[in-house]
Amino acid sequence: MTRIAVIDFETTGISPSMGDRATEVAIVLTEGGRVVDRFQSLMNAGVRIPAFITQLTGITNAMIAEAPPAEAVMADAARFVGDTPLVAHNAGFDQRYWRAELARAGVPAPHPFACTVLLSRRLYPEVPSHKLGTLVDWFQLPRTGRAHRALADAEMATELLARIQHDLRARHGVADPDHGFLMKLQRCAKKALSKLLGPGALVHNGSPSSQSAVPHSRDTVEPASPGHRYRPL
DNA sequence: TGCCAGGCCCTCTTTAGGGCCTT
């Protein structure tokens, strides 16, 4: 069964190379397109959170002060992921934090990252914006919590990934759009898409509501609740 | 308060510049 882990970080800024650190990580583990496990934790990296980041995410310095050390959280996260390939929305961002924070924890980070922004740009050129929130609204995907919190964003990215995989099967006849195929698709030049997806690769069929119903990836699992580690009952 | 980076992508391009996307 194909496993994919969808990850999202909340951070103090946009660049770990400029000293920014992760403040929260969430990972949604899927198997065969269904959510089978979740991991979420705030983390204390010993840095202060800028006010505008608190305004954006709702994560405060007081919340971080009570959180476990970043190195311990990242080691747990790495154990949770194992060798499962990762997916993120704007994966370059999350991959940089994944590598930077795991390096601080002394843990290797060889995981390949597929990117739902790149996949969305290739599959849905008609969408006016490829921001996660815009795509969720466009496809009428469920929202499970406050945007810009790690677990809620990871859940939304998981729903978007399910939509992408559904459309690859239904519209393009891809029997198994696994992580390897997603990596190949996101690297594929737009002019070469028809070779990978067929002659109708860039032909969309109208508004999202006119398309066939897509089963949600979280339909069979319990909704998220506060805590450090989430497991479906 | 707004900027900080990095990779992708488009175009009035390719010897470049700027928008998008993430926090």
Side-chain angles (χ1 to χ4, degrees), chain A residues 5-28 40-61 63-64 67 70 73-74 77 86-104 109 111-139 141 143 145-161 163-164 182-194 196-197 201-202:
Chain A
V6 182
I7 188 168
D8 186 78
F9 279 104
E10 302 306 318
T11 73
T12 61
I14 55 176
S15 176
S17 65
M18 298 290 288
D20 293 323
R21 297 294 304 274
T23 57
E24 185 179 41
V25 62
I27 302 159
V28 177
Q40 177 273 335
S41 183
L42 292 165
M43 66 181 88
N44 186 349
V47 295
R48 290 196 63 79
I49 302 173
F52 75 94
I53 292 289
T54 293
Q55 194 170 21
L56 178 70
T57 66
I59 298 172
T60 66
N61 285 300
M63 292 164 66
I64 293 303
V73 172
M74 291 305 300
L86 290 161
V87 168
H89 196 69
N90 197 27
F93 176 86
D94 292 284
Q95 187 173 30
R96 283 192 290 277
Y97 279 96
W98 179 250
R99 288 176 173 172
E101 294 294 347
L102 283 182
R104 289 175 178 273
H111 311 78
F113 272 69
C115 177
T116 47
V117 172
L118 296 180
L119 294 167
S120 173
R121 283 174 178 164
R122 277 158 179 74
L123 291 174
Y124 314 119
E126 72 276 15
V127 179
S129 161
H130 297 275
K131 291 179 181 177
L132 182 57
T134 303
L135 289 163
V136 166
D137 291 342
W138 181 268
F139 291 116
L141 303 175
R143 291 176 179 268
R146 172 183 173 147
H148 297 298
R149 284 300 300 266
L151 185 59
D153 283 3
E155 299 261 18
M156 286 192 288
T158 302
E159 295 288 351
L160 175 59
L161 174 63
R163 173 73 195 215
I164 288 170
L182 298 177
M183 293 291 287
K184 188 185 301 183
L185 176 57
Q186 75 178 25
R187 285 194 299 259
C188 179
K190 287 192 171 181
K191 290 179 180 177
L193 272 181
S194 60
L196 190 63
L197 298 177
L202 295 179

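In what follows, chains carry the letters A, B, and so on, assigned in the order in which the sequence lines appear, proteins first and then strands, with residues in each chain numbered from 1. No hydrogens, no waters, no symmetry mates; every other heavy atom, side chains included, goes into these values.
Between A:Ser129 and B:dC21 there is a side-chain N or O to OP1 or OP2 distance below 4.0 Å. Residue A:His89 has no polar side-chain atom (N or O) positioned under 4.0 Å from OP1 or OP2 of B:dC21.
Not counting sequence neighbours, the partners of A:Ala45 by the side chain to side chain contact (heavy atoms under 4.5 Å, CB included) test are A:Arg21, A:Val47, A:Ala70.
To the nearest angstrom, P of B:dT22 lies 16 Å from CD1 of A:Ile7. Between A:Asp8 atom CG and B:dT22 atom P the separation is 9 Å, expressed in whole Å. Atoms CG (A:Leu132) and P (B:dC20) sit 17 Å apart, rounded to a whole Å. Atom CG of A:Leu135 is separated from atom C1' of B:dT22 by 13 Å (rounded to the nearest Å). Counting to the nearest Å, the C1' atom of B:dG6 and the CZ atom of A:Arg99 are 12 Å from each other. Taking atom CG of A:Asn90 as the reference point, atom P of B:dA5 lies 16 Å away to the nearest angstrom. Rounding to whole angstrom units, CZ of residue A:Arg122 and C1' of B:dG7 are separated by 12 Å. Atoms CG (A:Leu56) and P (B:dT22) sit 10 Å apart, rounded to a whole Å.
A distance of about 12 Å separates the P atoms of B:dC4 and B:dG19, rounded to the whole Å. Nucleotides B:dC8 and B:dT14, compared at atom C1', are 16 Å apart to the nearest Å. With both ends at atom C1', the span from B:dG18 to B:dT1 equals 23 Å, rounded to whole Å. Comparing the P positions of B:dC20 and B:dC12 gives an interatomic distance of 16 Å, to the nearest angstrom.
Rounded to the nearest 0.5 Å, atoms CG (A:Leu42) and OG1 (A:Thr60) are 8.5 Å apart.
Along DNA chain B, the nucleotide nearest to A:Phe52 and the one nearest to A:Lys131 differ in position, and the one closer to the 5' end is contacted by A:Phe52.
A:Ile53 comes within 4.0 angstrom of a nucleotide base, judged by non-hydrogen atoms across all strands. Among the atoms of the strands shown, none is found under 4.0 Å from any heavy atom of A:Asp94. Using a 4.0 Å heavy-atom distance criterion, A:Phe9 is classed as a sugar-phosphate-only contact.
When distances run from any side-chain atom of A:His130 to the nucleotides B:dC8, B:dT23, B:dC21, the shortest one goes to B:dC21. Listed candidates were B:dT23, B:dC8, B:dC4. Nearest to the side chain of A:His148 is B:dT23. The side chain of A:Arg96 lies closest to B:dG6 when the candidates are B:dT23, B:dC9, B:dG6. Among the nucleotides B:dT22, B:dT23, B:dC9, the one closest to any side-chain atom of A:Glu10 is B:dT23.
Ring orientation note: the planes of A:Phe9 and A:Trp98 are tilted relative to one another, at an angle of 30° to 60°.
Remark: the A:His89 side chain and the A:Thr116 side chain contain an N/O donor-acceptor pair separated by less than 3.5 Å.
Only A:Gly13, A:Ile14, A:Ser15, A:Ser17, A:Met18, listed by number, bring a heavy atom of residues 12-19 of chain A to less than 4.0 angstrom from any atom of DNA chain B.
Ion pairing between a basic and an acidic side chain is recognised when a charged N comes within 4.0 Å of a carboxylate O; A:Arg149 and A:Glu24 show such pairing. With salt bridges taken as basic N to acidic carboxylate O contacts below 4.0 Å, none links A:Arg146 and A:Asp153.
Tested against A:Arg143, the residues A:Glu155, A:Met156, A:Glu159 include a single side chain to side chain contact (heavy atoms under 4.5 Å, CB included) partner, A:Met156.
Taking each heavy atom of A:Leu119 and A:Leu182 in turn, the nearest pair found is CD2-O, 3.5 Å.
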